Number of protein chains: 2
Amino acid sequence: MDILETRELRYFLAVAEELHFGRAAERLGMAQPPLSRAIQRLERRLGVSLLTRNRRGVALTGAGEMLLYEGSAALDAITAAARRARRAGGADDPRGPRNRLVLAVKAASSHELLHKLLDAYAAEPDAAEIDVLPSGTCEQEEMLRDGRADVALMHKPFNSLTGFDSEELMTEGQIAILPAGHPLAAHKTLSLADVSGIPDLPLARWSRNGVYPPGPGPEIHDQTQLAQLIALGRTVAVFPDSARAWLWAEHTAVPLTDAPPVVTHIAWPAHSRSLALAGLVRAATRL
Amino acid sequence: MDILETRELRYFLAVAEELHFGRAAERLGMAQPPLSRAIQRLERRLGVSLLTRNRRGVALTGAGEMLLYEGSAALDAITAAARRARRAGGADDPRGPRNRLVLAVKAASSHELLHKLLDAYAAEPDAAEIDVLPSGTCEQEEMLRDGRADVALMHKPFNSLTGFDSEELMTEGQIAILPAGHPLAAHKTLSLADVSGIPDLPLARWSRNGVYPPGPGPEIHDQTQLAQLIALGRTVAVFPDSARAWLWAEHTAVPLTDAPPVVTHIAWPAHSRSLALAGLVRAATRL
DNA sequence: GCTCGGTGATACCTGGAAGGTATCACCGAG
DNA sequence: CTCGGTGATACCTTCCAGGTATCACCGAGC
C-alpha cells in the first residue's frame, strides 16, 4: 500500500506540473523513455491511471490531481525530514551538532520587531542559536513545509496560516509610499481606491512564487529598486506601517484608511515538539 | 538534498522503533545485513550519524530522534498520498472512480449525531458517498494522517486536534456507568474521585494504540464486553452522556460533576481542498 | 494525400544497487 | 575463557533503473 518511492513521486510531480514527458524528463535530468516507464509502473502499482495521454500532450485524471496535491505535501514532508535531521546532526555546521533554530522572515519586513524578538530570546537561559533566513515574498510557508525553516514570522492576510500553529505578535495599519512631490502626498490619509487608480503612478507589482500579478506597474525585485522607482516618481507602493523605517527623504508615507490591518504572527509546523522552539515562542509572546 | 527514499525511511523507522537491527529486519521481512548496510548508506548520504551502536544494542542520536519524528510524519504523508490517489481513481471500488469520502468515527461513540450528520449531508445536492470507518480508541488522528480517512469525528479532550482544521459540533457531560445494584448507583451525582477509588469496582481500562494504562481494572476490547462486565458488577466506566443510548437494564448512569466536558468536533487535514469535504463540514455546522 | 514535426511508447542493453548467505569482530555474562 | 548475542563485512546474484535507438501515432501543413 505504501509502495510509493520518493523517486517515483518526484517523477510524477514533474510530469504533472509540466504536462509533458519530454520537458519533465529534461527538468529531472534524465531521458524521456525511463520516465514514461516509471510513470507506467507507478500507475500499475497503484492500480489507477494518473494521466490521460491523448493527442497533443497529457492531462491529469482525478486520481492524478489527488496525487499532485497530496504528493507535493508528502514530498515536502520528506525533504523536511531529511533537512531537519541533517541540521540536528550538524551536517552543514563544521562546529558539529548544536541546538539551532532557523527563523524565516520576509526580507522586506521591519527589523524592529525582529531585533526585539532576538534580544528577548537571547536573554533566556539555554537559548538556542537562531539563524535568520531571509525569504522572498510569502515564501515562508513553503520554507516551513519543506524544512528549510523551523519557525517563521508571517503576515496576515498575505500568508496563510493553515496547517501551522501560531501566536499573534503585532498589528499595524498600512501606508501608501508616494514620491514626496506628488499631489497625493499632501493628503493626511488616503483610501485604497485613491492609490490604485492613479494614471501617472501605477502600483508596483511584487513577484509571488516567481509570478507577477498583471497590471501596468513596474515589476519589483528588491526593496532598494522599489525605493528608487518611488523616489523617481514612477510608482507607488502599499506597505505595513513599519516600512516607515526605511523611507528616504524623497518619499512620503500616507496612512490608508481602508486597507486591511497587517497582523504579524510567529508560526511553526503544528507537529513541532522542540524545546528551543517553545522557548522562542514564549519569548515572542512576552514582547 | 531530498535524497531520502521511502524504502530507506521505512527501514530507519523500523530500526529506530525496535532499537535492534535483527528484530527490525524481521519486522521488515528481510535479512539483517542488507538492513545494516542500508542504514549506513543513509547515514553517509545525509552526512550525519543517526544511531550509536554500542555494546548491548542501539541508541538514537539527536539527528536520529529528529528523523524519527519528522520521518514518521513524512511516511504517513506518503502513504496518505498513495491511498487517496488510489481512492480518487476508484482502485478499490469495482464500480470505478466516484466521489467518496471516508469518515472515521470512534466505534463506541453515539450513533445519534452520526445519523443526523449523514442524513443532513445526504440531502445536499451533489452529495458524495460517505464511507463510515469505525476506528479504535483515539485512532482517528492516525487515520487522517495516513490517508485511511478524509475526515473524522473527534472528541476533545481525548483527541488532539493539532495539525487539523476542525469545527465544534456538540458538547456533553460525562457519566459513570455502574451496575444497577451498586450502592453508588443510588446517588444523584458523583465525582471522579468517587468512582476512581472504589475497592470492589475498579475502573475499566481501554487500550490506546494497543497499550493499556496501568491499573487494577479489567482490560476492555469492545463495548459489549464492557457492558457485560458492568452488568456483572465487576467494573465501572466513565463515558460521555450519549453513551446512555446503549445502556442495559442492569446498568445505571450517574452524572459526574467534575469530569471535563467532552466536545465533539468534525476534523480534517488542514491542507484538504475537496468540495465533498467542504459540503460535509457545511452540513455538520448547520446541525 | 503525403510528408513532416512532435509526441509518448517499445525494444534492447548495461551498470549498479539491493538483497541473500556465510562469516567475522566485538563484548558482556557466566 | 568460553559462549551467546550483537552488528559489520565479504561475496555473490538478481533485478531494476537508466541510456540509446527506434517505433507508432496524430495533427498541421504544402
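Computed from a predicted model, the values in this text were never measured in an experiment. All chains are named by letter (A, B, ...) in the order of the sequence lines, taking the proteins before the strands, and each is independently numbered beginning at 1.
For A:Ser36, a side-chain nitrogen or oxygen approaches OP1 or OP2 of C:dA9 to under 4.0 Å. Distances shown here put a side-chain N or O of A:His20 below 4.0 Å from the OP1 or OP2 atom of C:dG8.
Taking the side chain to side chain contact (heavy atoms under 4.5 Å, CB included) definition, one finds that A:Arg7 meets it with A:Tyr11, B:Glu5, sequence neighbours left out. The salt bridge (Lys or Arg N to Asp or Glu O under 4.0 Å) test applied to B:Glu219 returns B:Arg205, not counting sequence neighbours. Residues satisfying the salt bridge (Lys or Arg N to Asp or Glu O under 4.0 Å) criterion with A:Asp146, sequence neighbours excluded, are A:Arg83, A:Arg148. With sequence neighbours excluded, the residues satisfying side chain to side chain contact (heavy atoms under 4.5 Å, CB included) with A:Glu129 are A:Arg98, A:Arg100. For B:Ser196, the side chain to side chain contact (heavy atoms under 4.5 Å, CB included) partners two or more places apart in sequence, or in a different chain, are B:Leu203. Among residues two or more places apart in sequence or in another chain, the salt bridge (Lys or Arg N to Asp or Glu O under 4.0 Å) test is passed with B:Arg234 by none. A search for side chain to side chain contact (heavy atoms under 4.5 Å, CB included) contacts involving B:Arg45 returns B:Ile3, B:Glu8, B:Arg41, not counting sequence neighbours.
A straight line from CG of B:Leu42 to P of C:dA17 spans 15 Å, rounded to a whole angstrom. Residue B:Arg53 contributes atom CZ, which lies 17 Å from atom C1' of D:dG5 at whole-angstrom precision. The distance between atom CZ of B:Arg10 and atom C1' of C:dA18, rounded to the nearest whole Å, is 13 Å. Rounded to whole angstrom, the span from the CG atom of B:Leu35 across to the P atom of D:dA8 amounts to 9 Å. As rounded to whole Å, 10 Å separates atom P of C:dA17 from atom CZ of B:Arg44. Taking atom CD1 on A:Ile39 and atom C1' on C:dG8, their separation rounds to 12 Å, with Å as the unit. One atom, CZ of B:Phe21, and another, P of D:dT9, lie 11 Å apart when rounded to the nearest Å. In this structure, the CD atom of B:Glu43 is 8 Å from the P atom of D:dA8, given to the nearest Å.
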**Prompt:** When every nucleotide of nucleotides 13-20 of chain D is labelled 5' to 3' by its protein contacts under 4.0 Å (heavy atoms), B for base, S for sugar-phosphate only, - for none, what sequence of letters results?
**Reply:** ----SBBB

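A:Ala63 approaches B:Ala85 most closely through the heavy-atom pair CB-O, 3.4 Å.
Between B:Glu139 and B:Lys106 there is no salt bridge, since no side-chain N of the basic residue sits under 4.0 Å from a carboxylate O of the acidic one.
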Contacts under 3.5 angstrom, residues 24-39 of chain A side chains, donor-acceptor by atom type, not counting sequence neighbours:
{"unit_1": "A:Arg27", "atom_1": "NH1", "unit_2": "A:Glu17", "atom_2": "OE1", "d": "3.4"}
{"unit_1": "A:Arg27", "atom_1": "NH1", "unit_2": "A:Glu18", "atom_2": "OE2", "d": "3.1"}
{"unit_1": "A:Arg27", "atom_1": "NH2", "unit_2": "A:Glu17", "atom_2": "OE1", "d": "2.7"}
{"unit_1": "A:Gln32", "atom_1": "NE2", "unit_2": "A:Ser36", "atom_2": "OG", "d": "3.0"}

Less than 3.5 Å apart, which donor and acceptor atoms pair up between the side chains of residues 66-76 of chain A and the rest of the protein, not counting sequence neighbours?
{"unit_1": "A:Glu70", "atom_1": "OE1", "unit_2": "B:Arg84", "atom_2": "NH1", "d": "2.8"}
{"unit_1": "A:Glu70", "atom_1": "OE2", "unit_2": "B:His271", "atom_2": "NE2", "d": "3.1"}
{"unit_1": "A:Ser72", "atom_1": "OG", "unit_2": "A:Leu68", "atom_2": "O", "d": "2.3"}

Which protein N or O atoms sit under 3.5 Å from an N or O of nucleotides 14-16 of chain C?
none

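With the 3.5 Å cutoff on both pairing distances, Watson-Crick and G-U pairs in DNA chain C assemble into runs of at least 3 at C:1-30 with D:1-30.
The side chain of B:Gln40 lies closest to D:dT9, out of D:dG7, C:dA9, D:dT9.
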